Amino acid sequence: MSMYHEYIIHIDGDSFFAACEIAQYPHLKGLPVVVGQERGIATAFTYEAKALGITRGMPIFKIKKFFPEVIILPTHFELYKMYSQKMSNILRRYLRVVEDYSIDECFGLIENDHAHTWEDVCTLAQTIKIALQKETGITFSVGVGRTKVLAKIASKAQKPDGLTIISDRDEEMVLSQTPISKVWGIGYRTAPTLKQKGITNALQFRNLPEEYIMRTFTKPLQELWHEMHGTRIFDIGHSDNDPKSLQATRTFFPMSTDREIVFSELSKNIETACARMRRYGLLTSSVIFFVKTSEFKYFGREFRFPFFTDNPIDILDSIRPLFDAVFVKGLRYRATGVTLSHLRPFNKCEQDIFGTQKEVHDRGKLMDTFDRIRDLYGKNSIFLGASMHAMTRNRQREILDESTPYQWNLPVPFMGEVL
DNA sequence: TCTGGGGTCCTAGGACCC
DNA sequence: TCTGGGGTCCTAGGACCC
């Protein structure tokens with residue numbers, strides 16, 4: 001039997017963060033492990049922890065109280081990125097076209113060169129799955145289908161450590177067993193709408209007539225319908241795209257009614273976002289910030305720059321008046337955040353015609369120095385004076401938590417030209 | 001799940017132009 | 001000043017994802 005079209009493979013790391021910890025520290029194997037200590041809620045956990053009754057988002061204090069045998073770890077993002085890279089590299093050994101979709105998921109295109117027959121497809125998927133496990137020590141759930149949507153449905157069908165290959169003949173069966181709310185692209189708003197129309201599983205949706213779909217739904221659902229029929233709409237993207245926007249938000253504790261404390265939380269987020277932007281070699285010309293009240297109400301403003309910048313001091317100077325206009329005395333705030341958008345690569349930005357060129361240059365050097373000090377002495381080693389309140393408040397919380405080792409490098413506030 | 005953090009894409013509708 | 005028709009660009013906000 002010859003293969004008459006290409007297939008897509010989707011791989012998905014099982015309990016990825018927890019699995020990385022266990023791969024790195026094998027003595028934890030077989031134990032109930034929960035990741036997410038610093039956030040205060042369970043972010044990821046092993047199947048042993050799940051078996052005890054741990055659920056996503058469960059507060060850490062509750063876990064400590066009711067399941068004292070559980071091992072609780074902080075999130076080690078750099079470690080997970082390493083394993084993510086490994087996963088991607090392994091897949092790239094077998095396939096030419098691979099998309100790193102998220103930290104724990106990849107898509108790959110199985111081309112005719114890689115597999116001539118249906119049996120070849122199955123063998124290849126099996127080989128990839130085994131290589132992944134052998135070389136990372138983590139199990140993966142693997143799915144194969146004609147499109148991205150079908151491959152996603154396949155990898156989800158059996159978890160953990162599953163391998164589901166949907167042949168054209170099996171599609172109806174698998175789809176009929178997939179609740180519509182579990183389909184990639186159907187969220188909490190759309191699922192109830194479809195249910196109202198009597199559509200509860202993926203097959204029912206796929207069986208709706210095309211003419212009805214086009215008349216009733218907008219582009220996202222139309223595309224989904226085509227993908228379910230095996231028409232490839234979503235291509236495998238290539239992974240090294242620059243981000244289009246970049247944000248940093250943080251909930252702080254305790255909540256505060258103090259203008260300067262809230263502003264310094266925002267300042268810290270702006271520093272974080274700018275540091276990341278500089279690492280990507282990008283500049284921004286549009287800043288949106290927000291504050292979030294104790295009642296989860298958002299208030300925000302946007303500021304457009306007539307030039308491009310990667311400098312937090314520029315941003316802080318510009319938004320301070322807007323912040324003061326938005327801040328309401330007497331309200332309690334729990335979080336702040338900032339989004340930088342309209343990003344451009346550093347070298348493509350025209351300087352503005354007059355004046356600020358030299359100043360921008362000098363500040364550029366200043367931020368280089370900033371970044372180097374951070375690289376050498378750690379993320380908290382240097383920060384703007386405007387972020388001072390936030391940095392010292394957060395340190396107090398760290399020191400209070402006896403499980404966090406004390407860090408010897410003292411924070412040095414940078415009393416810059418700000419404010 | 002009384003609510004963490006970081007993204008992308010789509011669409012309706014306003015502003016502006018001929 | 002009002003009415004007709006057609007087009008582009010931009011933004012706010014919704015919905016979804018991991």
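Proteins get letters first, then strands, A, B, ... in listed order; numbering begins at 1 in each. All values reported here derive from a predicted model rather than from experimental measurement.
- The aromatic rings of A:F107 and A:H10 are tilted relative to each other, their planes meeting at an angle between 30° and 60°.
- Atom C1' of nucleotide B:dG4 and atom OH of A:Y298 are separated by 10 Å, given to the nearest angstrom.
- Taking only side-chain nitrogens and oxygens, A:R39 never comes nearer than 4.0 Å to OP1 or OP2 of B:dG4.
- Proximity of the aromatic rings of A:F77 and A:F17 is defined here by a centroid distance below 6.0 angstrom, and this criterion is met.
- Residue A:R56 places its CZ atom among 12 or fewer non-hydrogen atoms of other residues, nucleotides or ligands, all under 6.0 Å distant.
- Under 4.0 angstrom from either OP1 or OP2 of C:dC17 there lies no side-chain N or O belonging to A:S102.
- Evaluated for a salt bridge (Lys or Arg N to Asp or Glu O under 4.0 Å) with A:K148, the options A:E99, A:E6, A:E223, A:E227 yield exactly one hit, A:E99.
- For the pair A:L343 CG and B:dT8 C1', the computed distance is 13 Å after rounding to whole Å.
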* Could you write out DNA chain C as a dot-bracket string, with dots for unpaired bases, | for bases paired across to another strand, and Watson-Crick or G-U pairs counted at under 3.5 Å? -> ....||||||||||||||
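- Between B:dG5 and A:T251, a contact under 4.0 Å exists linking OP1 or OP2 to a side-chain N or O.
- Two residues are said to be in side-chain contact when any heavy atoms from C-beta on lie closer than 4.5 Å; A:V149 and A:M228 meet this criterion.
- Defined by atom type and a distance below 3.5 Å, a donor-acceptor pair is missing between the side-chain atoms of A:S245 and A:T339.
- Out of C:dA12, C:dC16, B:dT1, the shortest distance to the side chain of A:Y188 is found at C:dC16.
- For the residue pair A:Q24/A:Y83, the side-chain donor-acceptor check at 3.5 Å is satisfied.
- Here A:F296 packs flat against the base of B:dT3; its ring centre is closer than 5.5 angstrom to the base's six-membered ring, tilted by less than 30 degrees.
- Spacing between atom CZ of A:F290 and atom C1' of B:dT3 amounts to 13 Å, rounded to whole angstrom units.
- Side chain of A:H342, nearest nucleotide from B:dG5, B:dT8, C:dT11: C:dT11.
- The distance between atom CD1 of A:I233 and atom P of B:dC9, rounded to the nearest whole Å, is 16 Å.
- Contact between the side-chain N/O atoms of A:K219 and the OP1/OP2 oxygens of B:dC10 is found at a separation under 4.0 Å.
- Taking atom NZ of residue A:K148 and atom P of nucleotide C:dC17, one finds them 14 Å apart after rounding to whole Å.
- Using a 4.0 Å cut-off, no side-chain N or O of A:T339 falls inside it from OP1 or OP2 of B:dG6.
- Both A:T218 and A:L246 sit near DNA chain B, but only A:L246 has its closest nucleotide nearer the 5' end.
- Nearest-nucleotide positions on DNA chain B place A:G57 closer to the 5' end than the other of A:G57 and A:A248.
- When the nucleotides B:dG6, B:dT8, B:dG4 are ranked by their closest atom to the side chain of A:K244, B:dT8 comes out on top.
- In this model, the phosphate group of C:dC18 is approached by a side-chain N or O of A:K152 to a distance below 4.0 Å at OP1 or OP2.
- The side chain of A:Y101 approaches C:dC17 more closely than any other nucleotide in the set B:dT8, C:dC16, C:dC17.
- Applying the 4.0 Å criterion to OP1 and OP2 of B:dG6, one finds that A:R250 has a side-chain N or O inside that range.
- Regarding contacts with the backbone of C:dT11, a side-chain N or O of A:R304 is found under 4.0 angstrom from either OP1 or OP2.
- Between A:T190 and C:dC16 there is a side-chain N or O to OP1 or OP2 distance below 4.0 Å.
- Using a cutoff of 4.0 Å between basic side-chain nitrogens and carboxylate oxygens, A:D12 and A:K152 are not scored as salt-bridged.
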